[in-house]
Number of protein chains: 4
Amino acid sequence: MPTDRLDNTRREEILDVAAEIFGKKGYRAATLNDVAKAMGFTRAALYYYFENKQEMLAALSDMAGLHLMTQLDKRLAEDGTTLDKVRGILLDHASAFIRQPRLFSVFQAEVSELPTAARQRLESGERAYIGAIASLLEVGMDEGTFARRPAKPSALAMVGMANSVARWYRPQAGLSAKEVGELIVDLCVGGLTTPSALS
Amino acid sequence: MPTDRLDNTRREEILDVAAEIFGKKGYRAATLNDVAKAMGFTRAALYYYFENKQEMLAALSDMAGLHLMTQLDKRLAEDGTTLDKVRGILLDHASAFIRQPRLFSVFQAEVSELPTAARQRLESGERAYIGAIASLLEVGMDEGTFARRPAKPSALAMVGMANSVARWYRPQAGLSAKEVGELIVDLCVGGLTTPSALS
Amino acid sequence: MPTDRLDNTRREEILDVAAEIFGKKGYRAATLNDVAKAMGFTRAALYYYFENKQEMLAALSDMAGLHLMTQLDKRLAEDGTTLDKVRGILLDHASAFIRQPRLFSVFQAEVSELPTAARQRLESGERAYIGAIASLLEVGMDEGTFARRPAKPSALAMVGMANSVARWYRPQAGLSAKEVGELIVDLCVGGLTTPSALS
Amino acid sequence: MPTDRLDNTRREEILDVAAEIFGKKGYRAATLNDVAKAMGFTRAALYYYFENKQEMLAALSDMAGLHLMTQLDKRLAEDGTTLDKVRGILLDHASAFIRQPRLFSVFQAEVSELPTAARQRLESGERAYIGAIASLLEVGMDEGTFARRPAKPSALAMVGMANSVARWYRPQAGLSAKEVGELIVDLCVGGLTTPSALS
DNA sequence: TATGAATGAGACTTCATTCAT
DNA sequence: GATGAATGAAGTCTCATTCAT
């Protein structure tokens with residue numbers, strides 16, 4: 001079905017544009033007109049590709065959620081130490097938020113605007129995501145690699161730090177995307193202090 | 001000045017309610033009707049206290065910004081090691097975001113909705129805030145207390161972690177506000193790992 | 001009754017201010033707040049002196065109408081030729097509109113905003129006013145002083161010309177109020193042309 | 001281009017209706033609902049054709065201004081004596097105000113409601129219009145056809161008389177539009193008096 | 001596929017007006 | 001005499017959405 005092919009391309013183009021615009025102005029403030037104009041056609045045409053505005057948001061949310069989940073699963077399946085896995089997960093997470101800050105901002109910020117089903121998908125995805133990281137942390141604590149701390153809040157806090165790059169990372173500011181990803185990982189894993197400073 | 005008193009009380013009551021509602025639904029989705037109803041009077045009455053909806057947002061933003069700045073200055077003026085100061089700042093920051101999550105969510109999320117003047121105030125405030133923390137980090141690095149890392153991105157990342165509590169902290173979840181504050185501090189300062197794990 | 005005295009003074013001050021503001025912005029666009037602020041007190045205070053906004057307009061209209069009527073009657077009662085009387089009436093009319101352009105603009109422009117009773121007063125006053133002038137014109141035609149033309153439309157047209165000074169007369173523009181009044185009279189009476197030009 | 005055609009037709013239909021309603025009630029008192037209802041559709045539909053209410057007023061103003069300017073230019077380009085030209089201009093002017101009294105009332109009365117750009121267009125147009133007539137008057141004075149009088153105020157006064165017909169002309173009152181136009185011209189040119197009466 | 005045209009719902013805002021103090 | 005506080009009605013404007021073409 002070449003038609004399907006085309007449709008999906010178009011749909012994704014629209015979603016890209018929508019992520020950009022929703023991210024810049026906020027879902028509510030962004031207008032379907034904004035999106036349509038950026039695509040070069042009219043408001044009404046969007047309804048050929050999407051049921052309605054909310055569906056675009058839901059698609060974006062699902063897309064972002066799926067991306068994170070896939071990354072996570074890949075890391076979990078890898079060989080390596082617990083520490084390696086946590087490093088990998090945080091790096092992937094931060095990298096995603098650096099690469100597509102708008103998409104992931106929307107994903108974060110507009111939860112309350114999602115239609116119920118999509119919100120539930122997002123929330124249960126998030127629970128699973130955080131839960132997986134928390135489990136990993138507990139493994140590390142049991143191994144003695146990680147200091148013993150409440151696992152889930154720790155996971156949430158680290159993910160919160162990694163999320164934040166979407167808001168503040170600027171490529172012109174001197175650090176490459178890779179360097180910022182590594183900074184996040186280093187801070188989460190080693191903290192501010194030099195090893196000796198704490199002893 | 002009983003009159004002055006009353007005015008300000010009313011205005012602040014409204015702002016409290018507004019923070020709550022803007023925080024829950026988002027500034028754009030929240031209705032002045034929502035705010036008025038929650039206050040027990042009419043939409044129109046709000047215009048007795050505020051020029052318009054945006055002014056409420058601006059007031060909220062200024063309020064939150066001032067709060068953070070004041071906290072920061074107090075900590076900077078205290079005696080103590082660099083590490084103590086950083087700990088104190090992060091603790092205050094996280095505590096503020098735990099105590100008034102809605103207010104600070106609005107502060108974070110709705111920058112693009114602020115009138116220009118208020119946005120500029122917020123942004124220059126943020127620059128100063130981050131700048132002060134980054135300076136402190138550099139002092140600590142020079143002292144050898146902190147590992148040498150890019151200071152400003154580190155400050156942004158840590159603040160990002162502390163910000164995130166507003167989104168995920170739930171009092172029912174077992175940890176007290178104080179404990180969560182300390183968790184953030186510990187993670188930022190010491191990282192996940194036990195000191196030995198890295199050596 | 002000294003109270004009455006005071007009241008009336010105040011009322012008239014307010015009407016002056018109101019004429020000014022209604023004249024500048026239009027009755028509908030002008031706000032009671034505008035008027036109150038210009039008087040140095042609050043909106044609500046105006047209701048001590050007037051039933052409501054419309055009553056202010058009505059008072060203004062009656063005031064202006066009475067003024068014109070009184071002038072007219074005085075001229076009609078004077079000795080002199082028909083031509084003298086017409087000259088006098090037009091001069092008075094134009095002078096009034098030069099001296100208090102705002103008041104008379106309101107009087108002209110806001111008929112549709114008047115409460116019914118006041119509108120009827122204004123309209124019957126106008127009929128009487130125009131009727132009186134038209135009668136005078138007819139007398140002049142019968143005498144052979146005036147060229148024979150439809151009397152009422154002529155009266156309306158001449159009054160229309162005299163009215164217009166409220167819109168365009170500017171004291172700085174070189175002509176005194178008196179000179180403009182006389183210009184109107186001369187144009188109405190003698191027209192543009194020199195006597196010889198028409199013969 | 002059938003589309004273009006349709007658009008403009010619709011827009012113009014709306015403007016016609018708007019002129020009618022703005023003229024009857026005043027721009028401020030007139031409601032977009034009034035206009036929409038008179039057109040047979042919804043308030044919101046108007047926004048498909050116009051940015052906002054003010055733009056409708058501006059379009060009306062431009063339309064009226066253009067009409068007058070075009071008339072004037074045509075008369076100025078004609079052969080004939082100075083007197084002929086002045087007669088023609090005044091006749092056209094009065095005729096326009098008789099034919100479309102509402103449109104030209106709006107044009108006159110609602111200057112203060114115009115957006116700045118449109119107001120400036122109107123005002124500079126008016127200056128040009130009056131200036132052209134005043135120049136003609138000066139030519140006539142130099143020729144000896146016209147009595148020597150201040151030219152610009154004379155032009156303003158005559159135009160003011162011609163304007164006034166929009167307020168008072170009623171077809172039922174016995175005079176045809178043409179007759180009223182000629183009355184205005186005769187009064188302006190020859191004044192009230194018979195030639196002999198002044199000598 | 002895409003658009004022109006229109007709608008309906010709802011939002012923000014303004015303002016004359018009231019009334020207890 | 002005057003004000004602070006509040007209301008209700010109305011008006012402008014925005015937008016997602018629809019539908020015939």
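Throughout, protein chains are lettered first and strands after them, A, B, ... in sequence-line order, and every chain is numbered starting at 1.
- Using a 4.0 Å heavy-atom distance criterion, Tyr47(B) is classed as a base contact.
- Here the P atom of nucleotide dT3(E) and the NZ atom of Lys37(A) are 13 Å apart, to the nearest Å.
- Among all heavy-atom pairs drawn from Glu123(D) and Val111(D), the shortest one is OE2-CG1, 4.1 Å.
- For the pair Gln54(D) and Thr42(C), both in contact range of DNA chain F, the more 5′-proximal nearest nucleotide belongs to Thr42(C).
- Classified by interplanar angle (parallel below 30°, tilted 30° to 60°, perpendicular above 60°), the ring pair His67(D)/Phe104(D) is perpendicular.
- The nearest whole Å value for the distance from the CZ atom in Phe22(B) to the C1' atom in dC12(E) is 12 Å.
- In terms of phosphate contacts, Tyr48(C) brings no side-chain nitrogen or oxygen within less than 4.0 Å of OP1 or OP2 of dA2(F).
- One atom, OH of Tyr49(D), and another, P of dT12(F), lie 19 Å apart when rounded to the nearest Å.
- Each of Leu57(A), Leu68(A), Asn163(A), Leu114(A) was evaluated against Phe107(A); a single residue qualifies, Leu68(A), per the side chain to side chain contact (heavy atoms under 4.5 Å, CB included) test.
- The CZ atom of Arg11(C) sits 9.0 Å away from atom CE of Met56(C), with the distance rounded to the nearest 0.5 Å.
- Between the CZ atom of Arg43(B) and the P atom of dA10(F) there is a distance of 13 Å, rounded to whole Å.
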Going by atom type alone, with no hydrogens or angles, which donor-acceptor pairs under 3.5 Å involve a side-chain atom of residues 14-26 of chain C and a protein atom two or more places apart or on another chain?
from, atom 1, to, atom 2, distance (Å)
Glu20(C), OE2, Arg102(C), NE, 3.3
Lys25(C), NZ, Asp34(C), OD2, 3.0

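- Contact annotation: Arg10(B) reaches the phosphate of dA6(F) (side-chain N/O to OP1 or OP2, under 4.0 Å).
- Between the CG atom of Leu57(A) and the C1' atom of dA16(F) there is a distance of 14 Å, rounded to whole Å.
- Checking side-chain atoms of Glu113(B) against main-chain N and O of Gln54(B) turns up no donor-acceptor pair under 3.5 Å.
- Annotation: side chain of Lys37(D) is not in contact with side chain of Thr31(D) (no heavy-atom distance under 4.5 Å).
- The CZ atom of Arg121(D) lies 11.0 Å from the CG atom of Leu66(D); values are rounded to the nearest 0.5 Å.
- The Phe41(B) side chain lies nearest to dT7(F) when the options are dT7(F), dT3(F), dC19(F).
- Computed from coordinates, the Leu46(D) CG to dC15(F) P distance equals 17 Å when rounded to whole Å.
- Taking atom NZ of Lys53(A) as the reference point, atom P of dT14(F) lies 15 Å away to the nearest angstrom.
- Going from atom CZ of Phe50(D) over to atom C1' of dC13(F) covers 16 Å, rounded to whole Å.
- Sequence order on DNA chain E of the closest nucleotides to Ala44(C) and Ala44(D) puts Ala44(D) first from the 5' end.
- Judged purely by atom type and a 3.5 angstrom limit, Arg43(A) has no side-chain atom pairing as donor or acceptor with the backbone of Leu32(A).
- Of all the residues in residues 24-33 of chain B, Ala30(B), Thr31(B), Leu32(B) reach under 4.0 Å from DNA chain E with at least one non-hydrogen atom.
- Both key distances under 3.5 Å define a Watson-Crick or G-U pair, and stretches of 3 or more such consecutive pairs in DNA chain E run E:2-21 with F:2-21.
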